[in-house]
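Chain letters run A, B, ... following the sequence lines, proteins first and then strands; every chain starts at 1. What's counted below: heavy atoms across the whole structure, side chains too, no hydrogens, waters or symmetry copies.
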Amino acid sequence: MSEHIVIDPITRLEGHGKIDILLDDQGNVDHAYFQVPELRGFEKFAEGRPAEDMPQITPRICGVCPTAHHMASTKALDDLYQVEPPVAARKVRELVNSTFYVEDHALHFYFLGGPDFVMGPTAPKAERNILGVLGKVGLETGKEVIGLRKELRDLMTMTAGKVIHPVFGLPGGISKPLTDEIQQKFIAGAEHAVKFGEFSLNLFNDIVLKNQEYVDTIISDTYTNRTYYMGLVDDRNHVNFYDGLLRVVDPDGKEFSKFPARDYIEHVGEHVEPWSYIKFPFLKSVGWNGFTEGTESGIYCVAPLARLNAAEGMATPKAQEAYELFYSTLGGKPVHHTLANHWARLIELLYAAERMMELAADPDIISPDIRTIPTAVPQEGIGVVEAPRGTLFHHYQTDERGVITKANLIVATQNNAARIAMSVDKAARGVIKDGKVDDGILNLVEVAFRAYDPCHGCATHALPGQMPLIVRVYDQEHNLLQEVRRGG
Amino acid sequence: MQPLVLGLGNDLIADDAVGVLAAREVKQRLGRRAHVVESSLSGLALLDLMVGYHQAVIIDAMYNGRHPPGSIVRLTPADLSKVVAPTPHFAGLPELFSLAKHLELDYPEETVIFAMEVEDPLTIGGSLSLTVRQALPALVNQVTGQIASWENEYERSLSP
C-alpha cells in the first residue's frame, strides 16, 4: 500500500518530469505523484554577487520567463535601494511586461496547450500536436501567431534589449527612454494584439464552448480542486500583472488576505515532503493540512485562473466583458475547474493587449525622466510580479555594499506545486479504473498539469528538445506494470 | 552562403553549457566560414533562428543515460523520434522542422545535430564535469569537420 512505498528523491536528478501512479489490488489508483526536475544551487550561486547583476542573471537561468524574472528582480532592487521609479519608467516596464504576456500566452494557447483543447483531450494520439491544431484552426492562423510573436518580440528588443537577455531595468528606473518612433510602433503592435486577442476568444468560443463534450470535461469533478487563490490586484481589486497588492481569496471566493510583497514571509510558508525536493508553499495562517482541498487546507493556486478568481474584475473593457462571460458560463465565482485556465489565459491575453494600448498611447510614456538615482544603503529587497505562469517572488539580502548574502526565489510553478500534485492525483483516480491504462488515458492525466503551463525551464533544451516525461504505473507490491516515455 | 552553427544550452548551468562552449570554439577556428549563434531557448522559440540558411549544424547537450557521459552522437532531424504527444512546455525538434515545412519557411535543406551525453545539466553555476570537458575538443572537431565536408562538396560541385 502507498504508505510502504518510498520514492527516492534522487529520481529528480534524471532530469525528467515524472508521474508515478500506484494502483491498489483492484487496479484503481491508490496515489499518483508528480515530480519535476529542479535546478540546484541558485542560492549559493547568487551569494557574493552584486545584487545589481541579478536582473541580468536571473533571466538567463530560466529561458522560459526571462522578462518576468527581469521585472521581479528589478523591483526587488527598487525595494533594496528604497527608491521609487519615475512614472515613465514604471509605465515602460509595465508596457514591456504586457507585451511579453501577449506573446507568451499566444504561444501556450495555440502550440502547447492547444493540442488538448483545440483538438480535444481525447483526440487520437497522432492528431494531438501542433500540426493537428494548424489543421483545425487553419495555416493562416498559425502564420498569424508566429508573425504577431515576431512583431512583439522585436518591440521588446527595441526597448529592453534581447528578449532572452533583457537589460533595461535598473534600480529606480530604466536605462533609456521610449522614443516617439518606438511609441508609434507599440501602438501599431497593440492594435494588432487586441484584434488577435478578440479573434482567439471567438475561436475558443466556436471550437471549445460550442462542444458540449469539451465543456463537460472542463467542469468535471476529475479536473476540479477547491483551493485558495492568489494574485496581484490594483487599488480597485482588478487583475494587475506588474504591481499592486497580493490578494488571496478562500475556496468560497471571499477575500482572505491582502498584503504587500514585503510581507510575503508572514503569509507564505514552505512545506517539505520526503518524496520531492520541491518545497510546497502554503498559507501560514491556514496551515499545512496535507494534500487536501477546502478552507482548512492552506494550499493555494496561482496563474491565470487564480488571478481571475483572486480579483474582482479586469481593468480594461473588452477583457472585463470576457471576464463576466467566463463566470456566468461556469457558474459564478470562484471557478475551481483547472482546465478553465486555458480560457482564463485568453482573457488575460486580451487584457494584456488592451493594457499595451493604454500604456503605449499614454503621453507620459515618452518622458525622458526615467531614473531616480538610489542613495540608500541596501539591506533587503523583495520584488513580486505576476509571471504568465503565476506569482513570482524575488528576495535578496545584502551587505552594505549591495553584495548578496542570501537569495530566495519562489517561482510560479513552485507556488502551484501542491495543487498540481493534487490535480494529477485526482485526474489519475478519475480516469484509471480496474487496471486499464493506455496512452489515451495517460494523456487525460497529463492534461491536468498542462493546464497550469508548468515551467520546467531547466534541463529542457537537452535533446530531443522537450522535457522528457515518464509515466510509470505500479501495482500494490510496487512492481512496475507499465512505463510510457514522451521524448527522452 | 555561410552555414549556421547553432550552439544550444545555458552557460550558467554546468554541463548544459557544452553546446554553447563548443560553438564559441568553432567560431574561433572557423571565423567567417560559418555563422555561429548561441541560444538558451528550445523548441518553438528556435523557429526563427534557422530561417534563411541552406545548411545548419546544431550542437546540444543530451541527457538520457543511453550513452556514457562524453559520448558524441551525430543525428539528422529524421533520426529524432517523431514526437506526436503534446509536451508540457516545449515542442521537440522534429515538430519544429515539420512546422517550418508546413508554414513554408525558408529552412535548411541539410541539418546535422551533434549531441553530447552529459553528466550534470542541473547545477546553476556548476562547471563542466571532467568527462565532458575532456570530450569538448572532439565535439568541436566533429562540427568543424562537418563544415569542411560541406565546403568540399560545394567546391566539387563547381569543378567541371
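- The two atoms that bring B/Leu99 and A/Leu134 nearest to each other are CD1-CD1, 3.2 Å, heavy atoms only.
- No donor-acceptor pair closer than 3.5 Å links the side chain of B/Asp48 to the backbone N or O of A/Lys150.
- For A/Arg345, the side chain to side chain donor-acceptor pair (under 3.5 Å) partners two or more places apart in sequence, or in a different chain, are A/His108.
- Of residues 128-137 of chain B, no residue lies under 4.5 Å from chain A by any heavy-atom pair.
- Counting non-hydrogen atoms of other residues, nucleotides and ligands closer than 6.0 Å to NE2 of A/His165 gives a total above 12.
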Would you give me the side-chain donor-acceptor pairs under 3.5 Å for residues 152-160 of chain B, sequence neighbours excluded?
residue	atom	partner	partner atom	Å
B/Asn152	ND2	B/Ala148	O	3.4
B/Ser157	OG	B/Tyr154	O	2.5
B/Ser159	OG	B/Arg156	O	2.7

What pairs of donor and acceptor atoms, side-chain ones from residues 22-35 of chain B against any protein atom, are under 3.5 angstrom apart with sequence neighbours left out?
residue	atom	partner	partner atom	Å
B/Arg24	NE	B/Glu38	OE2	2.7
B/Arg24	NH2	B/Asp11	OD2	2.9
B/Arg24	NH2	B/Glu38	OE1	3.1
B/Arg29	NH1	B/Asn141	OD1	2.7
B/Arg29	NH2	B/Asn141	OD1	3.4
B/Arg33	NE	B/Glu151	OE1	3.4
B/Arg33	NE	B/Glu151	OE2	2.9
B/Arg33	NH2	B/Glu151	OE1	2.8
B/His35	ND1	B/Tyr53	OH	2.4

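- When all heavy atoms of B/Leu103 and A/Gly142 are compared, the closest pair comes out as CD2-C, 4.2 Å.
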query = What do the steps show when you test A/Ile146 against B/Leu105 for side chain to side chain contact (heavy atoms under 4.5 Å, CB included), and what is the final call?
reply = CA-CA 11 Å; A/Ile146 286 168; B/Leu105 298 178; 5.5 Å; no
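- Rounded to the nearest 0.5 angstrom, A/Leu139 CG and B/His102 NE2 are separated by 7.0 Å.
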